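So the structure is just underneath, and the comments pick up after that.
Predicted model, so just to flag it, every value in this text is computed and none were measured.
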Amino acid sequence: MKKLTAVLLSAGAVTALTACGSTDAQSEVSVAVVQDYPPFEYIEDEELTGFDVDIIEAIADHQGFEVDWQIMRFDGIIPALQGNQVDAAVSAIGIREDRLEVVDFSDPYFESGLSLVVPAESDINDVEDLEGATIVGKQGTSGLELAREFADEYNGEVTILQEDAVMYMEVESGNADAVINDYPSAAYKIAQDGDDAQLRIVGDRLTGEDYGIAVSKDAEGVLEQMNEGLEYLFESGKYDEIYDSYFAE
């Protein structure tokens with residue numbers, strides 16, 4: 001059973017967490033994660049699971065440490081790492097220059113990108129069709145930044161939400177015209193809905209983005225553990241095994 005700690009973070013709550021120690025040879029690594037981003041991380045039968053979760057657990061098995069999962073909101077993850085309240089984090093986190101200023105990142109482990117998602121019967125077939133549209137983005141993400149750019153360019157509005165399910169529901173219900181989110185999440189949502197799908201992806205991906213495991217700059221030895229573990233997963237074929245269980249056609 002995965003060790004799981006639920007933590008709801010706001011900016012003021014980060015310092016209230018118990019700080020975790022970092023040593024050269026850690027027997028336990030605290031890892032921040034969201035719980036509502038399938039297929040990367042989600043709760044099933046009251047247990048945390050998903051692609052990212054399986055990757056970290058496989059690295060932990062190879063590197064010989066236990067994972068202390070700490071569930072939090074996405075926008076609380078970077079502050080928690082900065083405050084040394086967790087050692088690492090994995091939640092489809094894009095490797096970005098601004099984030100690299102305050103946290104470290106492992107080698108890339110997943111190539112992603114942002115997609116524009118609209119109602120299945122929408123007249124929006126390109127970004128130029130977003131004139132006056134209400135666009136949904138997730139707090140603290142690259143998707144929100146791009147939503148704001150499009151809203152400025154096409155005289156639209158932005159709705160900021162926290163959970164993927166709620167974002168998609170906002171568009172399905174007609175309260176918003178589009179959502180910008182990571183392609184794997186959108187594709188998974190539409191595939192899971194099958195014939196009942198009310199959404200569609202517009203055109204090609206809007207951006208390309210690599211995901212990495214974020215690591216506190218003060219978590220000694222953790223970055224090396226993550227990179228060594230990833231190298232093993234890639235070379236042994238274990239990564240492909242995990243990938244195919246979530247993303248294979």
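Closest of all the heavy-atom pairs between Ala120 and Ala197 is CB-O, 4.5 Å. Taking all atoms of both residues into account, the shortest heavy-atom contact from Ser115 to Leu206 is C-CD1, 4.0 Å. In terms of heavy-atom proximity, Val34 sits nearest to Arg73 at CG1-C, 4.1 Å. Between Gln85 and Gln70, the shortest heavy-atom distance links the atoms O-NE2, 4.1 Å. Between Asn227 and Asp107 the shortest heavy-atom distance is OD1-N, 2.7 Å. Minimum interatomic distance between Glu46 and Ile43 (heavy atoms only, all atoms of both residues): CA-CG2, 3.7 Å.
Connectivity analysis of hydrophobic side chains (ILVMFWY, heavy atoms under 4.5 Å, direct or indirect) links Val158 to Leu144, Ile160.
For Tyr239, the ring-ring contact (aromatic ring centres under 6.0 Å, His included) partners two or more places apart in sequence, or in a different chain, are Phe51, Phe234. In terms of the side chain to side chain donor-acceptor pair (under 3.5 Å) criterion, residue partners of Glu145 (sequence neighbours excluded) are, by chain and number, Arg96. The side chain to side chain donor-acceptor pair (under 3.5 Å) search around Asp104 returns Lys217, not counting sequence neighbours. Here Tyr168 pairs with Asn181, Ser185 under the side chain to side chain donor-acceptor pair (under 3.5 Å) rule; sequence neighbours left out. Listed by chain and residue number, Glu241 satisfy the salt bridge (Lys or Arg N to Asp or Glu O under 4.0 Å) test with Lys238 (two or more places apart in sequence, or in another chain).
Within the 4.5 Å cutoff, no side-chain heavy atoms of Phe74 are placed close to those of Gln162. Looking only at side-chain heavy atoms (C-beta outward), Asp52 and Phe110 stay at 4.5 Å or farther from each other. Side-chain contact between Leu100 and Ile95: present, with at least one pair of heavy atoms (C-beta onward) separated by less than 4.5 Å. Residues Ile59 and Leu230 form a side-chain contact, since some pair of their non-hydrogen atoms from C-beta on lies under 4.5 Å apart.
No hydrogens or angles considered: a donor-acceptor pair under 3.5 Å links the side chains of Ser173 and Asn175. Inspection of the Asn84 and Ser216 side chains reveals an N or O donor paired with an N or O acceptor under 3.5 Å. With no hydrogens or angles considered, no side-chain donor-acceptor pair links Gln198 and Asp193 at under 3.5 Å. A donor atom on one side chain and an acceptor atom on the other are not found under 3.5 Å apart for Trp69 and Gln35.
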Q.
If you apply the rule side chain to side chain contact (heavy atoms under 4.5 Å, CB included), what do you find for Asp87 with Val31, and how did you get there?
A. CA-CA 6 Å; Asp87 298 307; Val31 181; over 6 Å; no
Q.
Working note: Ile56 + Met226, criterion side chain to side chain contact (heavy atoms under 4.5 Å, CB included); need CA distance, chi angles, decisive distance, verdict.
A. CA-CA 8 Å; Ile56 293 294; Met226 295 302 177; 4.1 Å; yes
Q: Evaluate side chain to side chain contact (heavy atoms under 4.5 Å, CB included) for Ile55 paired with Leu233, printing each intermediate quantity in order.
A: CA-CA 8 Å; Ile55 289 292; Leu233 295 186; 4.1 Å; yes
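Between Lys138 and Asp164 there is a salt bridge, with a side-chain nitrogen of the basic residue lying less than 4.0 Å from a carboxylate oxygen of the acidic one. Using a cut-off of 4.0 Å between Lys/Arg side-chain N and Asp/Glu carboxylate O, Asp152 and Arg148 are scored as not salt-bridged.
When each of Leu81, Ile77, Leu223 is checked for a side chain to side chain contact (heavy atoms under 4.5 Å, CB included) with Val103, only Leu81 meets the rule. Only one option out of Tyr109, Tyr211, Tyr243 pairs with Phe40 in a ring pair (Phe, Tyr, Trp, His ring centres under 6.0 Å); it is Tyr211.
Between Glu163 atom CD and Glu170 atom CD the span is 12.5 Å, to the nearest 0.5 Å. Interatomic distance, Glu66 CD to Glu57 CD, rounded to the nearest 0.5 Å: 8.0 Å.
Side-chain atoms of Ser122 do not come within 3.5 Å of backbone N or O of Val118 as any donor-acceptor pair. In terms of modelled atom types and a separation under 3.5 Å, the side chain of Ser106 and the main chain of Ile213 share a donor-acceptor contact.
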